Amino acid sequence: MVWWQLILTGAIALLAGVALGFFIARKYMMDYLKKNPPINEQMLRMMMMQMGMKPSQKKINQMMGMMKKNMDSK
């Protein structure tokens, strides 16, 4: 009688720990990516030049704005 309660309590605690760990890790990564975006203006300019496009500051600002908006919506 006591064994099944012990096993049930352990399973519930394990599931709660996994769920809590997932949400904490997700929040940490979202904050990290906001503070340190994976791409900056210089990298974007280089990519556009490699694709054969002539990057203007206006285009770069538009692309950065779209990327920022996309990150904020998630």
Side-chain angles (χ1 to χ4, degrees):
M1 187 164 168
V2 174
W3 285 104
W4 69 269
Q5 289 175 340
L6 185 62
I7 292 171
L8 183 63
T9 303
I12 291 171
L14 180 65
L15 289 174
V18 167
L20 187 63
F22 170 77
F23 287 111
I24 290 172
R26 182 175 181 268
K27 174 73 173 144
Y28 173 78
M29 284 305 296
M30 293 299 278
D31 289 343
Y32 177 81
L33 288 174
K34 269 188 186 173
K35 290 177 186 171
N36 303 308
I39 191 166
N40 59 21
E41 287 185 25
Q42 186 178 14
M43 294 169 86
L44 189 58
R45 181 175 281 120
M46 195 85 93
M47 286 182 357
M48 290 175 80
M49 288 172 60
Q50 288 176 350
M51 291 188 294
M53 300 171 73
K54 185 170 176 92
S56 67
Q57 191 62 38
K58 182 180 177 184
K59 283 183 185 177
I60 291 174
N61 290 343
Q62 285 176 336
M63 296 283 285
M64 290 300 288
M66 286 178 7
M67 289 171 41
K68 182 174 173 62
K69 181 181 170 189
N70 191 16
M71 285 297 293
D72 289 343
S73 67
K74 289 184 178 179

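Just so it is clear, the structure is predicted and the values come from calculations on it, not from any experiment.
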Could you tell me the separation between the [atom1] atom of [X] and the [atom2] atom of [Y], rounded to the nearest 0.5 Å?
X: R45; Y: M48; atom1: CZ; atom2: CE; value: 9.0 Å
X: N70; Y: K68; atom1: CG; atom2: NZ; value: 12.0 Å
X: M46; Y: I39; atom1: CE; atom2: CD1; value: 11.0 Å
X: K54; Y: M49; atom1: NZ; atom2: CE; value: 8.5 Å
X: Q57; Y: E41; atom1: CD; atom2: CD; value: 5.5 Å
X: W3; Y: L8; atom1: CH2; atom2: CG; value: 14.5 Å

Shortest non-hydrogen contact from L44 toward I60:
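Nearest heavy atoms, L44 then I60: CD2-O, 3.9 Å.
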Assess the residue pair K27 and D31 against the criterion (salt bridge (Lys or Arg N to Asp or Glu O under 4.0 Å)); give the C-alpha distance rounded to whole Å, side-chain angles, the decisive distance to 0.1 Å, and a yes or no.
CA-CA 6 Å; K27 174 73 173 144; D31 289 343; 3.5 Å; yes
Quick one: do [X] and [Y] end up in the same hydrophobic cluster if we chain Ile, Leu, Val, Met, Phe, Trp and Tyr together by side-chain heavy atoms under 4.5 Å apart?
X: I12; Y: W4; result: yes
X: M51; Y: M63; result: yes
X: M43; Y: M66; result: yes
X: L33; Y: M64; result: no

